Amino acid sequence: MNKTNCRERLRRIQSNPSLEDLLYFIDSANQAELELMYRSADELRREKVGDQVYLRAILEISNYCRRACLYCGINCRSANLERYRIGIDEIIDLSAKIFEKGYRTLVIQSGEDPYYTAELVEEMIRGIQQAAPGMAVTLALGEREESTFARWRAAGADRYLLKHETSDPRLYAELNPSMHLEERLTCLRNLKKLGFQTGSGVMIGLPGQTTTSLARDILLFKELGMDMVGAGPYVELPGFPADWSPERREDLTYRLLALNRLVLGDVHLPATTALSTLAEDQARLLALQRGANVIMPNETPFRYRSLYSIYPNKKRTESASDTSFLEELSKSLAGIGRSVSFARGDHF
Ligand code: SAH
């Protein structure tokens with residue numbers, strides 16, 4: 001394909017993406033075409049969301065889970081895992097400390113743990129707002145009833161993350177026993193309807209996944225009107241090997257980041273922890289130059305951190321409590337003309 005055709009395809013992807021155009025860049029593009037795509041995604045990132053890299057603190061409040069997802073290390077069948085959960089009072093105290101460090105977005109994440117009832121989470125949201133005024137409260141607690149989401153929204157939660165993981169219904173059903181893709185999508189639609197800034201996402205390189213389904217994932221993000229999209233590689237669990245090599249999963253992660261940026265415009269896209277776990281240190285910087293504009297440092301207290309083991313060897317070093325982490329990050333971002341931002345970075 002000549003350069004003009006390639007540019008034409010990239011323009012179509014921004015205005016009216018087709019499965020075929022997306023698949024071309026996922027499966028067939030040569031090195032020069034990929035470079036052109038990455039440059040277009042980086043330019044669009046600058047134009048739509050600027051040069052700041054938003055920091056979102058993650059707090060992993062529980063590794064109890066009622067689900068049995070085959071790819072996830074904290075699923076209910078992981079018999080040897082020591083389980084923990086953080087009580088509401090401690091979560092609220094931690095939110096104040098995270099606020100003092102400068103963060104204005106807090107992501108509360110956990111396994112699907114029924115201990116956190118609708119009432120308890122409502123109390124938690126109100127407590128965080130008092131302890132950390134102005135903090136964008138982001139929940140990632142799994143699937144719930146619409147009425148529960150409504151209650152949390154009314155209590156002041158701003159955002160919700162719920163990755164659809166794969167848009168291939170057959171693969172979804174295989175990987176998530178007792179779960180249904182349609183129910184997950186209904187949750188995402190309900191969250192949007194209720195006015196949450198809503199994030200979905202996928203894992204790249206799940207056993208049995210096809211590149212066609214990855215292209216469909218991008219079209220689904222657009223159809224759902226997602227405000228945030230987290231696309232990271234599948235990190236292998238012992239006994240559940242990926243079909244694709246780590247290099248292929250890393251490469252596809254960059255392609256998806258760039259295509260998500262081109263298709264979704266001003267969306268927020270993290271350089272995921274899964275990518276930093278799978279690949280070399282410079283992977284995060286590459287991701288930020290190929291569409292990403294968010295980093296999510298882990299602010300879970302060290303005594304719990306290693307227990308939230310959704311995959312092995314999860315990067316543990318990143319935490320802004322570790323001042324050297326922030327300094328090093330600022331320095332490496334400055335090297336690519338970017339800067340750290342603690343601002344809320346809303347998406348309206
Ligand atoms: N229970 C919550 C949070 C799950 S953990 C929910 O369902 O939304 C957050 C994310 O970790 C998941 O959405 C999944 O995309 C990711 N994850 C789980 N296992 C993984 C693995 N082995 N490799 C990479 N990412 C994984």
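By convention here, the first residue in the shown sequence is residue 1. Quantities reported herein were computed from a predicted structural model and do not represent experimental measurements. Ligands are counted one by one from 1 in listed order, and the atoms in each one are counted from 1 as well.
At a threshold of 4.0 Å, the pair Glu174-Arg170 counts as salt-bridged, since one of the basic side-chain nitrogens sits closer than that to a carboxylate oxygen. Contact check on Glu8 versus Arg11 returns a salt bridge, with a Lys/Arg side-chain nitrogen under 4.0 Å from an Asp/Glu carboxylate oxygen. Under 4.0 Å is where a charged nitrogen must lie from a carboxylate oxygen, and between Arg189 and Glu223 at least one such pair does.
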- Item | CA sep, side-chain torsions, deciding dist, call: Asp93, Lys97, salt bridge (Lys or Arg N to Asp or Glu O under 4.0 Å) | CA-CA 7 Å; Asp93 286 349; Lys97 297 206 177 79; 5.7 Å; no
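Each of Tyr64 and Ile108 belongs to its own hydrophobic cluster when Ile, Leu, Val, Met, Phe, Trp and Tyr are linked at side-chain heavy-atom distances under 4.5 angstrom.
Here the shortest heavy-atom distance to atom 1 (N) of ligand 1, taken over Ala140, Ser110, Gly205, belongs to Ser110. Across the listed options Arg66, Glu165, Glu60, Glu165 owns the non-hydrogen atom lying nearest to atom 13 (O) of ligand 1. If you check each of Met203, Arg67, Glu236 against atom 25 (N) of ligand 1, the one with the closest non-hydrogen atom is Met203. For atom 8 (O) of ligand 1, the choice among Met179, Arg184, Arg249 with the nearest heavy atom turns out to be Arg184.
Within the structure, no pair that satisfies the ring pair (Phe, Tyr, Trp, His ring centres under 6.0 Å) test touches residues 222-256, not counting sequence neighbours.
Given atom 11 (O) of ligand 1, the protein heavy atom at minimum distance is Ile310 CD1, 3.4 Å. Annotation: atom 19 (N) of ligand 1 to nearest protein heavy atom, Tyr71 O, 3.4 Å. In terms of protein heavy-atom proximity, atom 21 (C) of ligand 1 is closest to Tyr311 CD2, 3.4 Å.
By the criterion of a heavy-atom distance under 4.0 Å, the side chain of Tyr308, and not its backbone, is placed next to ligand 1. Contacts with ligand 1 closer than 4.0 Å are made by backbone heavy atoms (N, CA, C, O) of Pro233 only, the side chain lying farther away.
Applying the side-chain hydrogen bond (donor to acceptor under 3.5 Å, both in side chains) test to Asn63 and every residue at least two apart in sequence or in another chain returns nothing.
Applying the 4.0 Å criterion to heavy atoms of Leu162 picks out, from ligand 1, the atoms 8 (O).
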